[in-house]
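See structure below.
Note that these values count all heavy atoms, side chains included, but never hydrogens, waters or copies made by symmetry.
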Amino acid sequence: MNDLAFSARDLVALRALMAMEPVPGQPLPTPAVLEKVNDLVPCDELGIGYVDMTGLVTAALSLFPAGHRNTVVVDLDLLEQHGGPFYLGVMHWRLHPALAEGCGNFLGRREDALSIGFRNGSDHVVQYSFVRARKHFTARELALLNLISPALQRVARERPTPALPASLTITERRILCDVAAGFSNAEIAEGYSVAVSTVRKHLENTYRKLGVTNRMAAIARLRGSDEAGLDLQERVDRFA
């Protein structure tokens with residue numbers, strides 16, 4: 001793949017996107033995330049859905065760019081059944097017409113659509129969707145979406161959580177969320193381009209600040225410490 005070249009406008013959008021954080025207590029990021037993605041890869045419609053493994057969409061966010069004004073539709077209590085399937089990673093629907101039709105994506109000659117899916121905990125998927133009515137996505141735009149996909153995953157990974165100690169750094173919070181999402185230390189280290197020993201050190205600091213001594217207890221504290229009736233394993237099964 002050729003190196004990507006960025007304009008000054010692209011760099012502004014990229015920096016803003018990389019600086020965004022998950023929304024505490026919500027499964028979806030703010031509409032500003034979609035707005036920045038649209039600055040980089042203009043679309044006719046952008047959306048995010050929070051879906052369980054049965055295809056039940058429980059929260060959704062859509063953006064319909066129009067000139068300098070955007071129409072945003074946010075529904076955090078949607079409870080809409082979708083036939084799915086919901087794929088992990090990047091799915092370019094035009095290249096897979098049979099799969100597209102099976103999911104209800106009937107593309108015309110000039111239409112194009114793709115999605116990017118991520119696992120959120122043990123039983124949910126967050127799926128971004130990008131739609132164009134009159135223009136196909138270019139190879140550069142697909143490469144750009146692949147480039148920013150780690151940031152899209154990070155801002156959509158938050159789930160309702162109890163308050164965490166203010167002493168936790170941003171990096172420690174991110175790594176703790178990665179652990180709760182099921183990633184190993186090696187996978188986390190690869191994602192941040194650091195040594196595995198660096199991840200272990202961040203986790204040691206996190207355990208000390210949370211007042212716990214191991215991975216399972218940290219996950220329980222993050223995802224279910226306010227559920228007094230659950231034992232440790234139940235907390236991990238429900239919230240990890």
Side-chain angles (χ1 to χ4, degrees), residues 14 17-30 33 37 48-53 58-59 84-91 115-128 143 145-165 167-227 230 232-240:
L14 278 171
L17 185 60
M18 297 302 175
M20 290 178 177
E21 294 291 335
V23 181
Q26 298 290 354
L28 299 181
T30 67
V33 170
V37 174
I48 316 175
Y50 183 63
V51 192
D52 69 17
M53 294 306 174
T58 56
F86 297 92
Y87 293 93
L88 299 180
V90 177
M91 169 57 74
S115 65
I116 304 178
F118 306 106
R119 183 163 56 91
N120 190 311
S122 61
D123 57 357
H124 279 79
V125 169
V126 169
Q127 182 168 285
Y128 289 79
L145 287 171
N146 271 289
L147 177 68
I148 65 176
S149 63
L152 298 181
Q153 181 179 22
R154 178 176 58 78
V155 296
R157 188 174 294 157
E158 185 77 351
R159 302 174 71 188
T161 66
L164 295 175
S167 58
L168 280 181
T169 66
I170 291 177
T171 299
E172 289 165 353
R173 289 170 184 264
R174 289 177 178 175
I175 290 177
L176 182 56
C177 286
D178 288 336
V179 168
F183 292 94
S184 67
N185 287 1
E187 290 171 328
I188 297 170
E190 182 180 359
Y192 290 101
S193 299
V194 299
V196 174
S197 59
T198 300
V199 174
R200 285 199 297 266
K201 186 63 177 178
H202 281 304
L203 287 174
E204 289 172 4
N205 292 336
T206 299
Y207 297 162
R208 175 176 50 80
K209 294 175 183 179
L210 292 177
V212 300
T213 58
N214 57 63
R215 200 180 193 90
M216 288 182 66
I219 293 172
R221 174 71 188 277
L222 175 68
R223 297 306 187 200
S225 62
D226 58 342
E227 298 287 338
L230 302 180
L232 179 58
Q233 188 58 55
E234 288 174 326
R235 291 172 191 252
V236 173
D237 291 341
R238 180 174 296 185
F239 296 102

*What residues form a side-chain contact (heavy atoms from CB on, under 4.5 Å) with E190, not counting sequence neighbours?*
none
*asked:* Tell me the closest heavy-atom pair linking V155 and M20, and the distance in Å.
replied: CG1-O, 3.5 Å
*Nearest heavy-atom pair of T169 and E172: which atoms, and what distance?*
N-OE1, 2.9 Å
*asked:* A side-chain contact here means heavy atoms from C-beta on lying under 4.5 Å apart; do V199 and Y192 qualify?
replied: no
*Interatomic spacing from CG in L203 to CG in N214 - rounded to 0.5 Å*: 11.5 Å
*Minimum heavy-atom separation for P22 to R154, with atom names?*
CG-O, 3.3 Å
*Partners passing salt bridge (Lys or Arg N to Asp or Glu O under 4.0 Å) against E187 (at least two apart in sequence or in another chain)*: none
*Indicate yes or no: at least one non-hydrogen side-chain atom of I175 is less than 4.5 angstrom from one of T206.*
no
*Which residues satisfy the side-chain contact (heavy atoms from CB on, under 4.5 Å) test with N146, sequence neighbours excluded?*
V90
*Of the non-hydrogen atoms in M18 and A151, which two are nearest, and what is the gap between them?*
SD-CB, 3.7 Å
*Under the salt bridge (Lys or Arg N to Asp or Glu O under 4.0 Å) rule, collect the residues that match up with R174, sequence neighbours excluded.*
E21
*Kindly assign one of parallel, tilted or perpendicular to the pair F118 and Y128, based on the angle between their ring planes and the thresholds 30° and 60°.*
perpendicular
*Measure across I116 and S149 and return the closest heavy-atom pair with its distance rounded to 0.1 Å.*
CG2-CB, 4.4 Å
*Should V51 and N120 be marked as a side chain to side chain contact (heavy atoms under 4.5 Å, CB included) after you check the CA-CA gap, both sets of side-chain angles, and the distance that decides it?*
CA-CA 9 Å; V51 192; N120 190 311; over 6 Å; no
*Between CD1 of I48 and OG of S115, what distance do you get to the nearest 0.5 Å?*
12.5 Å
*Return the set of residues passing side-chain contact (heavy atoms from CB on, under 4.5 Å) with R200 (not counting sequence neighbours), or none when no residue passes.*
N185, V196, S197
*Heavy-atom distance under 4.5 Å between the side chains of N205 and R208, does that happen here?*
yes
*Taking only residues two or more places apart in sequence or in another chain, which ones pass side-chain contact (heavy atoms from CB on, under 4.5 Å) with V212?*
Y207, L210, A217, A218
